[in-house]
Amino acid sequence: EPEVTQTPSHQVTQMGQEVILRCVPISNHLYFYWYRQILGQKVEFLVSFYNNEISEKSEIFDDQFSVERPDGSNFTLKIRSTKLEDSAMYFCASSDPTQGAGNQPQHFGDGTRLSIL
Amino acid sequence: GEDVEQSLFLSVREGDSSVINCTYTDSSSTYLYWYKQEPGAGLQLLTYIFSNMDMKQDQRLTVLLNKKDKHLSLRIADTQTGDSAIYFCAELWNNAGNMLTFGGGTRLMVKP
């Protein structure tokens, strides 16, 4: 069964550095998402992306964050100047809007654990 | 209305049924989902239900939806040790870029 893949599985970065998290969504999916889960807290929505633009973003997704689909297969999340509180598990997800209005289960990757020192 | 609540922990014996409960507050939700997270792994989609349905059965899984009370449950029949994991319910806001709002997760422990 096709799956969403994320790299790296664990990223350790110094505070203030830029980090790029990478995702390869399921190939025929058109909607892409990033979520994060701070240790011990809920999974939180960051951003959704469709047709090469952001369709929705949360309050967490401030100017330090950006997303990009640099080619036909990758979907990246960049954090420009990392802070200690950015330490979390970051999940990428994708869905297929052609299944019908609203019926687009989101399929998640295994996540990237980001540790900011 | 964007709060999804779950109990933190559930312990059952192998072979028993497990019932994991979830409450949500937004009546405009269209779909409600159950995800499973095993240690060190991602979120695995288990099942989902459309908001105009009351029940959905999928092998050992039964989802019940009480829209009036905004209550969702997941019943796992004949629970196995491999079912031990954290179970998240999530609601979809279709008018918000398909944003999923998750509950805090219920840790299911299955004792042999």
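Letters go in sequence order (proteins before strands), and every chain restarts at 1. What you see below is based on every heavy atom in this structure, not just the backbone, and it leaves out hydrogens, waters and symmetry mates.
Counting only residues at least two apart or on different chains, the side chain to side chain donor-acceptor pair (under 3.5 Å) pairs with a member in residues 77-88 of chain A are A/Q64-A/R80.
Of the inter-residue distances, the one linking A/M89 atom CE with B/Q37 atom CD reads 7.0 Å to the nearest 0.5 angstrom. Of the inter-residue distances, the one linking A/S48 atom OG with B/M99 atom CE reads 9.0 Å to the nearest 0.5 angstrom. If you take CZ on A/F91 and CG on B/L43, they are separated by 4.5 Å, rounding to the nearest 0.5 Å.
No continuous path of ILVMFWY side-chain contacts below 4.5 Å connects B/I20 to B/F9, so the two sit in separate hydrophobic clusters. Residues B/L100 and A/F61 do not share a hydrophobic cluster, clusters being chains of Ile/Leu/Val/Met/Phe/Trp/Tyr side chains in contact below 4.5 Å. Note: the hydrophobic cluster containing B/L74 also contains A/F108 (ILVMFWY, side chain heavy atoms under 4.5 Å, direct or indirect links). In terms of hydrophobic clustering, with Ile, Leu, Val, Met, Phe, Trp and Tyr side chains grouped at heavy-atom distances under 4.5 Å, B/I86 and A/L39 are assigned to different clusters. A/I60 and A/V43 fall into different hydrophobic clusters, where Ile, Leu, Val, Met, Phe, Trp and Tyr are joined by side-chain heavy atoms under 4.5 Å apart, directly or via other members.
Surrounding NZ of A/K57 are at most 12 heavy atoms belonging to other residues, nucleotides or ligands under 6.0 Å away. Sparse packing is recorded around CG of A/D63, with 12 or fewer heavy atoms of other residues, nucleotides or ligands lying under 6.0 Å away. Applying the 6.0 Å contact sphere to CE of B/M53 captures more than 12 heavy atoms from other residues, nucleotides or ligands.
Two rings, from A/Y35 and B/F102, have their centers less than 6.0 Å apart.
With a 4.5 Å cut-off on side-chain heavy atoms, A/F45 and B/T101 do not count as touching. Contact annotation: the side chain of B/Y48 never approaches that of A/Q106 to less than 4.5 Å [non-hydrogen atoms, C-beta and beyond]. Contact annotation: the side chain of A/Y31 approaches that of B/N98 to within less than 4.5 Å [non-hydrogen atoms, C-beta and beyond].
Residues of residues 109-117 of chain A having a heavy atom under 4.5 Å from any heavy atom of chain B, listed by number: A/G109, A/D110.
Nearest heavy-atom pair across B/L45 and A/H107 is CD2-CE1, 4.1 Å.
Contacts between A/Q37 and chain B at a heavy-atom distance below 4.5 Å involve the side chain alone, from C-beta outward.
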